[in-house]
Enquirer: 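Mind having a look at this structure? Questions to follow.
Chain letters run A, B, ... following the sequence lines, proteins first, then strands; residues in each count from 1. Predicted model, so just to flag it, every value in this text is computed and none were measured.
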There are 2 protein chains.
Amino acid sequence: MDGTGGLRERKKLRTRKAISEAAITLFLERGYDAVSVADVAAAAEVSKRTLFAYFPTKDDLVLHRIADHQTEAARVVRGRSAGEAPLDALHRHLRAGLASRDPITGLCDHPQVVAFYRLTQSPAVQSAVGRYVSAGEAALAAALWETTPEPGPLAEVTARLGAGQILLVQRALAQANQAHIMGGMSADGRAPDALAEADHAFDLLRDGLAPYRG
Amino acid sequence: MDGTGGLRERKKLRTRKAISEAAITLFLERGYDAVSVADVAAAAEVSKRTLFAYFPTKDDLVLHRIADHQTEAARVVRGRSAGEAPLDALHRHLRAGLASRDPITGLCDHPQVVAFYRLTQSPAVQSAVGRYVSAGEAALAAALWETTPEPGPLAEVTARLGAGQILLVQRALAQANQAHIMGGMSADGRAPDALAEADHAFDLLRDGLAPYRG
DNA sequence: GAGCATAAGTAGACTGAGTGCAAGAATCAA
DNA sequence: TTGATTCTTGCACTCAGTCTACTTATGCTC
């Protein structure tokens, strides 16, 4: 059974998809703040109450689309080839994402993706990103923790700090790319700088904030 | 004139203080979520509309109390003695804060402060912290930018990444201290670990994430 | 100190997110 | 078919935050 089980399951899937698509369509059309959840519910032909049974908050109507990426870094660390350092695996993964213009890297200029970038700039959505971030941090911290060679008393702190720093860097790089793309630059035009910044950022993670070290 | 100008000014100050104190009192008494802004307004003997003229959101009733710390890191960097590296100045400042049990470090066990720590754990407040954080990041990034010796094309990215990492670390350390204090540990009991973790964290900032570097 | 511009405060209705409840409709297992 | 379970709905409710129009207090000027 791959989940294509009963009719009930299929209906739920369909309802969820209908709500999600109605939401994105309306948000892209009119802007996040100009659309109420009642509008979304109406467009999806569902009651407001049902909408909230599928998505806990209005923000989630947008954010569930990138929810998969929450644990991506943790998966990369766990799935790295033997002998590869966590930072190298993440660096390689990011370079691959940039090369393939993965939307999550901020380096994708497909109109629909750019419109979605614009959506996520809304303050209301941004503040909800925090929740997703901290869940992702915990996951990556756990993955890093497993890799620790010598579990001294500071290993746990190291894992949590490292996870935070790594995800912070990834977010900052993506943010910068998004800003340039939204400013009208093409992905190909932005790519060289994006790559240079990514490499530089991982140098900083590996070797520390040399410029401020004195 | 140091601001003690007209009657109007003084009244505004008094009103602001009355609202703030009513809010904190009620929040500590019953918990953030169990108190409505209408309750706060009533306790401060002010209309709800007036309350929102002084504090833009409910979160701000809590967060304005730590708003001064927003630009603290930037000030430390700018005010450091000549020849001192930014990271060293921040490290020294943090150690001083820990030694003096500055509440912002999370290493303060005065009952009122602990109660305030507990307040800020509320998800609603936490998500609002994000706004404060990004303002602080921008300020620190600007301060770091000024110190950059050689302004290459990557200097700006470096400043923003560095600012993010530094503040992330400070938040994470404070969070850990708060958690232990709220768990019943005394500040003195926690202090040695807090100091060790702070030193370790700055080592990571200076020299990179050695354990994950391979 | 009278008069007027301006700023502060108020009441109350309104929008929009999110919840609680109780009843109705569909699905599933037997 | 029946009965239990689960999904959905409508409606009323709370609470944050805004809008409007009105009243009151302050400060400035003559």
Side-chain angles (χ1 to χ4, degrees), chain A residues 1 3-20 22-23 26-27 29-64 119 122-131, chain B residues 1 3-20 22-24 26-27 30-64 119 122-131:
Chain A
M1 311 303 169
T4 329
L7 170 58
R8 194 171 267 169
E9 285 305 309
R10 266 177 289 138
K11 273 203 169 178
K12 276 179 75 172
L13 268 266
R14 219 188 310 147
T15 304
R16 187 183 168 84
K17 200 178 167 200
I19 295 172
S20 172
L26 288 180
F27 288 156
E29 220 169 271
R30 289 189 242 155
Y32 181 80
D33 293 313
V35 176
S36 73
V37 292
D39 294 337
V40 175
E45 296 184 299
V46 146
S47 77
K48 195 175 72 157
R49 207 66 189 69
T50 298
L51 185 151
F52 280 115
Y54 284 89
F55 299 92
T57 64
K58 187 183 179 185
D59 320 306
D60 277 284
L61 291 170
V62 175
L63 290 181
H64 81 278
L119 251 191
S122 156
V125 177
Q126 273 303 314
S127 85
V129 169
R131 276 180 287 124
Chain B
M1 311 307 164
T4 327
L7 170 57
R8 194 173 266 170
E9 285 307 307
R10 267 177 287 137
K11 272 205 170 177
K12 276 178 75 171
L13 268 266
R14 219 189 310 147
T15 304
R16 187 183 167 83
K17 202 179 166 201
I19 295 171
S20 173
I24 296 291
L26 287 179
F27 288 157
R30 291 189 240 154
Y32 181 80
D33 293 313
V35 176
S36 73
V37 292
D39 294 336
V40 175
E45 295 184 298
V46 145
S47 77
K48 197 175 70 156
R49 203 65 185 69
T50 298
L51 185 151
F52 280 114
Y54 284 89
F55 299 93
T57 63
K58 187 184 179 185
D59 319 306
D60 277 284
L61 290 169
V62 175
L63 289 182
H64 81 278
L119 252 191
S122 156
V125 178
Q126 273 302 315
S127 85
V129 170
R131 275 180 288 124

Enquirer: Identify, residue by residue, the members of residues 32-41 of chain B with a heavy atom below 4.0 Å from DNA chain C, and return them in order of residue number, or none.
Expert: none
Enquirer: Provide, to the nearest angstrom, the distance between the CZ atom belonging to A:Phe27 and the P atom belonging to C:dG16.
Expert: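 Roughly 13 Å, once rounded to whole Å.
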Enquirer: Once you round it to whole Å, what is the distance between C1' of D:dT6 and CZ of A:Arg10?
Expert: 16 Å
Enquirer: Apply ring-ring contact (aromatic ring centres under 6.0 Å, His included) to A:Phe52 and list each qualifying residue two or more places apart in sequence or on a separate chain.
Expert: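 A:Phe52 satisfies ring-ring contact (aromatic ring centres under 6.0 Å, His included) with no other residue.
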Enquirer: What string of B, S and - do you get for nucleotides 6-15 of chain C, 5' to 3', if B is base contact, S is sugar-phosphate-only contact and - is no contact with any protein heavy atom under 4.0 Å?
Expert: BSSSBBB---
Enquirer: In chain order, what residues pass the side chain to side chain donor-acceptor pair (under 3.5 Å) check against B:Thr15, with sequence neighbours excluded?
Expert: none
Enquirer: Stem ranges for DNA chain D, with three or more consecutive Watson-Crick or G-U pairs under 3.5 Å?
Expert: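 Stem list for DNA chain D: C:1-30 with D:1-30.
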Enquirer: For A:Leu51 versus A:Leu61, what's the shortest heavy-atom pair and its separation?
Expert: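 The answer is CD2-CD1, 4.4 Å.
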Enquirer: Could you list the residues that satisfy ring-ring contact (aromatic ring centres under 6.0 Å, His included) with B:Tyr54, not counting sequence neighbours?
Expert: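 By the ring-ring contact (aromatic ring centres under 6.0 Å, His included) rule, B:Tyr54 matches no residue at all.
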Enquirer: For B:Lys17, check side chain to side chain contact (heavy atoms under 4.5 Å, CB included) against everything at least two apart and list the hits.
Expert: B:Glu21
Enquirer: To the nearest Å, how far apart are B:Asp59 CG and D:dA16 P?
Expert: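 Whole-Å distance recorded here is 10 Å.
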Enquirer: Could you give the NZ-to-P distance, from A:Lys58 to D:dG17, as a whole number of Å?
Expert: 14 Å
Enquirer: Only counting residues at least two apart or in another chain, list the ones meeting side chain to side chain contact (heavy atoms under 4.5 Å, CB included) with B:Ser122.
Expert: B:Tyr32, B:Asp33, B:Ala124, B:Val125
Enquirer: Nearest-Å distance, CZ (A:Phe52) to P (D:dT9)?
Expert: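 To the nearest whole Å, that distance equals 14 Å.
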Enquirer: Quick one: list whatever passes side chain to side chain donor-acceptor pair (under 3.5 Å) with B:Ser127, sequence neighbours left out.
Expert: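 Counting only residues at least two positions away or on another chain, B:Ser127 forms no side chain to side chain donor-acceptor pair (under 3.5 Å).
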Enquirer: Going by the salt bridge (charged side-chain N to carboxylate O under 4.0 Å, His left out) test, which pairs reach into residues 42-58 of chain A, not counting sequence neighbours?
Expert: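 Sorted pair list comes back empty.
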Enquirer: Any non-hydrogen side-chain atom of B:Lys11 less than 4.5 Å from a side-chain atom of B:Arg16?
Expert: no
Enquirer: List the residues meeting side chain to side chain contact (heavy atoms under 4.5 Å, CB included) with A:Arg131, not counting sequence neighbours, and say none if there are none.
Expert: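 Side chain to side chain contact (heavy atoms under 4.5 Å, CB included) check on A:Arg131 returns A:Thr57, A:Asp59, A:Asp60, A:Ala128.
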Enquirer: Under the side chain to side chain contact (heavy atoms under 4.5 Å, CB included) rule, collect the residues that match up with A:Val35, sequence neighbours excluded.
Expert: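 A:Val35 satisfies side chain to side chain contact (heavy atoms under 4.5 Å, CB included) with A:Leu26, A:Phe27, A:Arg30, A:Asp39, A:Val40 only.
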Enquirer: In whole Å, I'd like the distance from the CZ atom of B:Arg14 to the P atom of D:dA25.
Expert: 14 Å
